[in-house]
Amino acid sequence: MSDAPRWRVVGRGPSGGVVVVDLAADGSEVSRTAADDAGLTELARTASASLRWVWNDTRRWYRMLLGGGVRLMRAHDLRLCHAILRTSAWVDAPALGAARGWDAAAPEVEPGPQALFDLETLAPTLPDGIDEVLAEFARHRAAVDASSHAARLTLLLAAESAGALLAEELHAAGLPWSREVHTRILEDTLGTRPLAGGVPSRIADAGARVRAALGDERASLDSQPKLLRALHRAGVPATSTNRWELAEYDHPVIAPLLEYKKLTRLASANGWAWLEEWAGDGRFRPVYVPGGVVTGRWASSGGGALQLPRQLRPAVRADPGWTLVVADVAQLEPRVLAAMAGDLALADAARGTDLYAGMVGGGVVATRPEAKVAMLGAMYGATTGDSGRLVPALRRAYPRAMALVDEAAAVGEDGGVVTTWLGRSSPPPGSWWTSVQQEASGADASAAEETRARRSARDRGRFTRNFVVQGSAAEWALAWLAELRTRLAALPTAAVPAVASGAVFAERAHLAFFLHDEIIVHTPVALADAVADAVREAATAATTLLFGTFPLDFPLDLRIREDAAKD
DNA sequence: CGCCGCCGCGCG
DNA sequence: AAAGCGCGCGGCGGCG
């Protein structure tokens with residue numbers, strides 16, 4: 001059926017009701033239907049999985065559909081795709097020039113209470129009128145079609161939008177979390193839970209030992225300036241209180257102070273209050289923010305989802321009858337760099353499962369830890385220290401890979417824009433950066449102005465150097481997620497006890513967590529092996545999708561177990 | 001009292 | 001054991 005609808009565009013009519021417009025592959029309108037929210041949910045429930053849903057903001061629409069028990073496979077998120085297309089160096093900027101209002105930040109699903117009283121300060125809202133939505137979608141298609149990199153951009157927009165669907169599903173499903181295990185970790189580490197306003201026993205104990213070593217019974221340990229002064233009085237000439245510097249001093253206060261800092265960090269970031277607020281019902285439901293980082297990585301909002309300490313991983317526990325498939329990619333970024341640069345020598349080092357061991361085996365550096373810091377230094381732009389010292393060896397061994405990141409840095413220092421493998425471009429320099437460079441280029445520029453300009457140029461060079469690698473790695477990860485999501489949806493159901501993940505995921509394997517290069521799938525035990533296969537197949541498919549036949553794979557560290565601890 | 005910048009530290 | 005990218009968050013303290 002060549003005239004079957006390919007896109008389903010969702011917006012609002014003049015009266016505020018939902019309007020659904022189906023478009024054929026050539027963009028012509030096939031049908032136009034008025035609906036309400038319930039009607040939209042029913043339309044979605046019976047829609048073909050091949051239909052791509054187009055709307056202004058996935059969170060706005062998909063949260064409702066998921067709540068109604070509907071899962072969709074494909075989308076085109078106009079806000080996220082606009083952000084990519086508007087800045088991509090592969091897109092003719094005027095193509096989106098007619099767009100108005102599509103640069104808005106992600107809107108809140110529920111307006112905050114103050115918004116009701118303070119209308120003037122409301123953030124500009126995203127257009128949702130069906131005609132504006134249709135027009136913006138048409139601009140996107142035209143912009144992609146006119147690009148000389150249409151295939152890659154199409155892939156990027158599809159992956160970004162699949163990520164937006166998944167972000168909502170991850171929120172709806174939640175990460176299965178054991179109150180009991182978390183509480184036990186807290187008690188084992190911090191001691192018994194204090195009464196309201198009190199201090200856990202081991203923190204109190206460590207604090208007492210710190211104060212004794214300082215010879216100051218009243219020393220304030222939680223205020224950085226006060227702690228620094230107390231250290232000076234005790235004869236520790238530290239310039240900061242970060243743990244790397246403190247560890248350099250030989251003084252009896254150091255050991256208990258580092259212990260105190262570690263314990264207070266756990267208590268304040270992920271202690272009993274966090275447990276009650278974020279995971280009290282047995283699910284941790286972070287708000288993921290796809291595209292929330294300039295490089296294309298996801299950010300998160302609330303609960304510190306992307307900073308969960310490894311120490312608490314044992315609290316991630318499958319429901320009864322379920323298990324977890326936990327997988328992460330080994331050395332994702334250097335592998336992506338090797339593939340982008342077409343660097344066969346680096347690809348050769350990556351042949352086994354451990355790229356860093358491969359570097360040692362190739363005689364590039366002497367030890368695995370050296371290989372790791374050297375590679376990180378190459379991608380981050382290290383110039384000094386152990387890492388910077390080793391980078392020249394990499395430049396000799398992997399000239400193509402190093403030329404790619406060195407070129408990205410040179411472009412950035414010069415005020416230019418760099419672009420990822422699939423077409424996400426770095427933001428242009430801001431007005432502050434440009435004026436600093438201009439002031440320093442004048443004949444009457446002071447030495448201080450020149451120094452400032454050089455420093456900010458190098459800072460930007462390190463940013464663009466890393467942007468191409470971090471951003472392209474994020475694209476591989478998105479493709480992996482999108483491929484995996486499709487495969488999981490195709491798996492059968494399995495009879496298992498009901499879970500707290502919502503109707504959409506009852507008896508179904510589903511993604512439960514994503515962290516840059518790592519995923520957790522929550523699955524009925526009977527499906528675990530099939531899920532593991534799907535995770536591996538998805539990685540292979542993502543690699544082929546991005547890099548074709550380039551001889552490099554992305555090996556996974558994959559575990560099937562009831563908790564998400566590393567060992 | 002709320003807002004904001006700084007510091008420190010968790011994650012990749 | 002760092003000095004080199006990207007984040008979010010809690011606590012503090014200065015400010016209005």
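Throughout, a chain's letter reflects where its sequence line sits, starting with A, and its residues are numbered from 1.
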Review point. Expressed in angstrom and rounded to an integer, what is the separation of A:R460 atom CZ from C:dC5 atom P?
Key: 14 Å

Practice item. Indicate whether the side chain of A:N270 and that of A:Q307 have a donor and an acceptor atom separated by less than 3.5 Å. Key: no

Review point. Is the backbone of A:W421 close enough, under 3.5 Å, to the side chain of A:R152 for a donor and an acceptor to pair up by distance?
Key: yes

Practice item. Mark yes or no for whether A:R202, through its side chain, and A:L263, through its backbone, hold a donor-acceptor pair below 3.5 Å. Key: no

Check your understanding: Roughly how many Å is it from CD in A:E370 to C1' in C:dA1, rounded to a whole number?
Key -> 13 Å

Exercise for review: For nucleotides 6-12 of chain C, just jot down a letter per nucleotide in 5' to 3' order: B, S or -, based on protein non-hydrogen atoms under 4.0 Å.
Suggested key: BSBSSSS

Practice item. Would you tell me whether A:E168 and A:T58 have side-chain atoms, one donor and one acceptor, within less than 3.5 Å of each other? Key: no

Check your understanding: Heavy atoms under 4.0 Å, any strand shown: does A:L376 hit a base, just sugar-phosphate, or nothing?
Key -> nothing

Check your understanding: What is the distance from CG of A:L227 to C1' of B:dC7, rounded to the nearest Å?
Key -> 12 Å

Study note, to complete from the structure: A:E259 atom CD is separated from B:dC9 atom P, nearest whole Å, by 15 Å

**Study point:** Whole-Å distance separating the OH atom of A:Y260 from the P atom of B:dC9
**Key:** 13 Å

Point to revise | Which residue lies more 5' along DNA chain C, comparing A:T384 with A:P369 via nearest heavy atoms | key: A:P369

Exercise for review: Find the distance A:L258:CG to B:dG8:P and express it as a whole number of Å.
Suggested key: 13 Å

**Study point:** Pair A:S425-A:T87, side-chain donor/acceptor within less than 3.5 Å
**Key:** no

Review point. With a 4.0 Å cut-off on heavy atoms, is A:S240 in touch with a base, just the backbone sugar-phosphate, or nothing at all?
Key: sugar-phosphate

Exercise for review: Among the candidates C:dA1, B:dC11, B:dG10, find the nucleotide nearest to the side-chain atoms of A:L515.
Suggested key: B:dC11

Check your understanding: Do side-chain atoms of A:H516 reach the backbone of A:R297 as a donor and acceptor pair under 3.5 angstrom?
Key -> no

Practice item. Select base, sugar-phosphate, or nothing to describe what A:E333 touches, counting heavy atoms under 4.0 Å on all strands. Key: nothing

**Study point:** Side-chain N or O of A:R313 closer than 4.0 Å to phosphate OP1/OP2 of B:dC11
**Key:** no

Check your understanding: A:L246 CG to B:dC9 C1': how many Å, rounded?
Key -> 13 Å

Review point. Would you say B:dG8 has OP1 or OP2 under 4.0 Å from some side-chain N or O of A:K261?
Key: no

Point to revise | Residue pair A:D77 / A:S161, side-chain donor-acceptor N/O under 3.5 Å | key: no

Check your understanding: Rounded to whole angstrom units, what separation is found between the CG atom of A:N242 and the C1' atom of B:dC6?
Key -> 13 Å

Review point. Touch check for A:R465, heavy atoms < 4.0 angstrom, all strands: base, sugar-phosphate only, or nothing?
Key: nothing

